[in-house]
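Accompanying notes for the structure given below.
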Protein chains: 2
Amino acid sequence: MEDSVDRPSALDIVRTRSLASLVSQEIEAMILDGRLPAGERLNEQQLALRLGVSRGPVREAVRGLERSGLVVSVRNQGSYVRSVSAAEALEIYDLRAALTGFACARLAGTATPAQRAELEALVLRMEAAREADAAPAYYAANLEFHAALLTHGGGPRGLRIYEDLGNELHLFRRRALVEPENMRESNAEHAAILAAITAGDAAAARVAGEAHIAGGKRRFQATDASRPAMPGAVEPVVTARRRRRAG
Amino acid sequence: MEDSVDRPSALDIVRTRSLASLVSQEIEAMILDGRLPAGERLNEQQLALRLGVSRGPVREAVRGLERSGLVVSVRNQGSYVRSVSAAEALEIYDLRAALTGFACARLAGTATPAQRAELEALVLRMEAAREADAAPAYYAANLEFHAALLTHGGGPRGLRIYEDLGNELHLFRRRALVEPENMRESNAEHAAILAAITAGDAAAARVAGEAHIAGGKRRFQATDASRPAMPGAVEPVVTARRRRRAG
DNA sequence: CAACTGCAACCTGTCAACAGTTTGCCGATA
DNA sequence: TATCGGCAAACTGTTGACAGGTTGCAGTTG
C-alpha cells in the first residue's frame with residue numbers, strides 16, 4: 001500500500017465517497033478489531049450519533065455489511081454482528097484452501113517476473129520478521145503475501161471472496177495466534193508455493209497452496225481457538241431478549 | 001424446493017421481511033431477467049414509484065446489490081447495472097470451476113445415500129429432458145444439480161459465492177445457449193461427476209467437476225457470446241453523460 | 001408464589017422534505 | 001459558426017419526523 005502515490009485529501013474523500021460507504025468502512029473496522037464483538041447488537045441511533053451522521057447512511061452501510069456476511073438482521077429487532085461457529089470456521093478454511101490453490105495454480109502459468117519478485121520479497125520479509133521474532137511484522141507481510149497471491153492469480157473477484165472469508169474468520173477468533181514455531185512452518189510453506197510458481201508447475205503450486213491453508217487450519221485447531229470466544233454468543237432468534245443499554 | 005412444507009402467507013412475508021429485502025429481491029430479479037440490462041442506470045425515484053415504496057428501502061436494496069457485485073454506484077451520479085466484460089466472464093468460469101471441483105471432491109467423501117439419490121434423480125431428469133428436447137426443463141434441473149452439489153459439498157457459503165458468480169455471469173449473457181449437442185455433452189459430464197462421487201474417489205470427482213465447468217466455459221466460448229451484448233455498454237465514468245428519461 | 005396481562009419506553013421501518021451536485025440546454029460572444 | 005458561460009431542471013445525499021412493533025417491568029390474579 002503506497003501512501004505517497006495518492007493521498008486523497010479530506011475534501012476529495014467527501015467529494016468522491018458517500019457517507020454510507022465511509023460508515024460501512026468504519027463499522028467493518030469496528031467489527032474486525034473487536035470494538036463490536038460477535039453477537040453484539042448494532043444500535044442504529046447510537047452508531048449514527050457516534051459517527052456524527054444520520055440513521056440513513058448507517059442503515060445503508062449495515063445492509064451492505066449484511067450482504068458481505070459480517071452482520072445478520074432481523075426485522076423489527078435489529079442487526080447483530082455475525083457469530084461464526086467452530087464448524088463454520090473450519091468450512092471457511094476449506095474454501096480458502098480451494099481458492100488459494102486455484103490462484104497458485106494459475107499463477108504458476110501466468111506469473112510475470114515482477115510478480116515473482118514481489119512474492120519473493122515478501123517471503124524474505126517474513127523470514128526476517130521470523131528471525132527477529134516480530135510477530136506483527138510477520139502477520140502484516142503474511143497478509144500481503146496472500147493478497148498478492150489472490151490478486152495476481154485469482155483476479156479481483158477471487159481476492160474479494162478470499163478477503164470476505166477472512167473477515168468472517170476474524171469474527172470467530174479475532175487474531176490467529178502467531179507463535180515462532182508456526183512462523184517457521186508457515187513461511188516454509190510460503191517458500192514451497194513460490195518455488196512451485198517459479199518452476200511453472202501448476203499442479204505442485206496448487207498442492208502447495210492448499211497445503212498451506214490446510215496447515216493454517218491445523219495450526220488453528222491446535223490452539224484453544226476451537227472453542228467459541230463467547231460461550232453464550234448464539235445466533236439471534238426472535239425469542240431472544242435483547243439486553244438493555246450495554247454502554 | 002418444497003412448496004408444501006412452508007408456504008409463507010402474504011402476511012408472514014410482510015411480518016418477517018423488510019421492504020428493503022423485498023425490493024432487493026425484486027431489483028435482482030429485474031436485472032437477471034433482463035428488464036434492467038447491463039449498463040442501465042437505476043433511477044431511485046422511478047424505482048420507488050414503480051415498486052410503490054419510498055426511496056429509503058430502494059437505496060438500502062441498491063447498497064446490498066452493490067456489495068453482491070450486481071451494481072456499481074458513483075456518488076452524485078447514480079447506480080448502474082454492472083457490465084461484465086468477456087474476459088471477466090471467463091475469469092468467473094474459472095472461479096466456478098475451482099469451487100465446483102472443491103465441492104465435488106468433498107462430496108465424494110461425505111455424501112449421504114440420500115444426497116447421492118438426489119443427484120442421481122436430477123441426472124435422470126436432465127436425461128429425460130434432453131431426450132424430450134426440453135431445454136427449459138434441462139436448464140432448471142441443471143441449476144438444481146449444481147445447487148445441490150454446492151449445498152452439500154461447499155456449504156452455505158460455497159453455495160452463495162457460486163450463485164453470486166452465476167449472477168454476474170448472467171450480466172454478460174442473459175442465458176447460456178442450450179443446444180441438443182450441448183445437453184448431451186453436459187449431462188455426460190454430470191454423470192461422470194456423480195459416478196466419481198458415488199465411487200468415493202475425491203480426486204476424480206474434483207477433476208470431473210472442474211472439467212464440467214471448463215466444458216461449460218468452452219461451450220460458452222464456442223457461441224457468439226464472447227462478444228458483449230451491448231457494444232457501447234462500458235463502465236460508468238464521471239465524464240459520461242447520463243441519458244435523460246429513458247422511459 | 002407463579003403466571004399472566006397491561007403499560008411505557010425504546011427502537012426499527014418507512015416516509016416526506018431539504019440541500020448540494022450534476023447535467024443538458026440556451027444564449028452570448030469571438 | 002463554434003465555443004464558452006450561465007441557468008434551470010432533475011436527481012442524489014442526507015436529514016428529521018412519524019408509525020408500528022418489540023421489550024422489559026410492574027401490577028394483578030389464580
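All chains are named by letter (A, B, ...) in the order of the sequence lines, taking the proteins before the strands, and each is independently numbered beginning at 1. Owing to the predicted nature of the structure, the values given are computational and were not obtained by experimental measurement.
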**Asked** Relative to the ring of A:Tyr162, is the ring of A:His146 parallel (under 30°), tilted (30 to 60°) or perpendicular (over 60°)?
**Response**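 Geometry flag for A:Tyr162 against A:His146: parallel rings.
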
Between [X] and [Y], does at least one N-O distance fall below 4.0 Å, as a salt bridge requires?
X        : Y       : result
B:Arg59  : B:Glu66 : no
A:Glu210 : A:Arg96 : no
B:Arg67  : A:Glu28 : yes

Mind calculating the distance between [atom1] ([X]) and [atom2] ([N]) to the nearest angstrom?
X       : N      : atom1 : atom2 : value
A:Arg17 : C:dT21 : CZ    : P     : 18 Å
B:Gln77 : C:dT23 : CD    : P     : 5 Å
A:Glu66 : C:dT12 : CD    : P     : 14 Å
B:Leu49 : D:dA10 : CG    : C1'   : 15 Å
B:Asn76 : C:dT22 : CG    : P     : 5 Å
B:Arg41 : C:dG24 : CZ    : C1'   : 13 Å
B:Arg63 : D:dT12 : CZ    : C1'   : 10 Å
A:Gln46 : C:dA9  : CD    : C1'   : 16 Å

**Prompt:** So does B:Arg55 reach the base of D:dG13 with its side chain, donor to acceptor, closer than 3.5 Å?
**Reply:**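 Check passes, donor-acceptor contact within cut-off.
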
Just compare [options] and give me whichever is closest to any side-chain atom of [X].
X       : options                : answer
B:Ser54 : D:dT15, D:dG13, C:dA16 : C:dA16
A:Leu19 : D:dT12, D:dT14, D:dT22 : D:dT14
B:Glu44 : D:dT23, D:dG13, C:dT12 : D:dG13

Using only side-chain N and O atoms of [X], determine if any of them is under 4.0 Å from OP1 or OP2 of [N].
X       : N      : answer
B:Arg75 : D:dT14 : yes
B:Asn43 : D:dC11 : yes
A:Arg59 : C:dG13 : yes

**Message:** Measuring only between side-chain heavy atoms, which start at C-beta, is A:Glu91 closer than 4.5 Å to B:Arg106?
**Reply:**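 A:Glu91 vs B:Arg106: side chains touch.
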
**Asked** Across the strands shown, which category fits B:Gly56 at heavy-atom distances under 4.0 angstrom: base, sugar-phosphate, nothing?
**Response**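 Since no nucleic acid heavy atom lies under 4.0 Å of B:Gly56, the category is nothing.
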
**Request:** By nearest nucleotide on DNA chain C, pick out whichever of A:Gln45 and B:Gly52 is the more 5' one.
**Result:**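 Between the two, 5'-proximity favours A:Gln45.
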
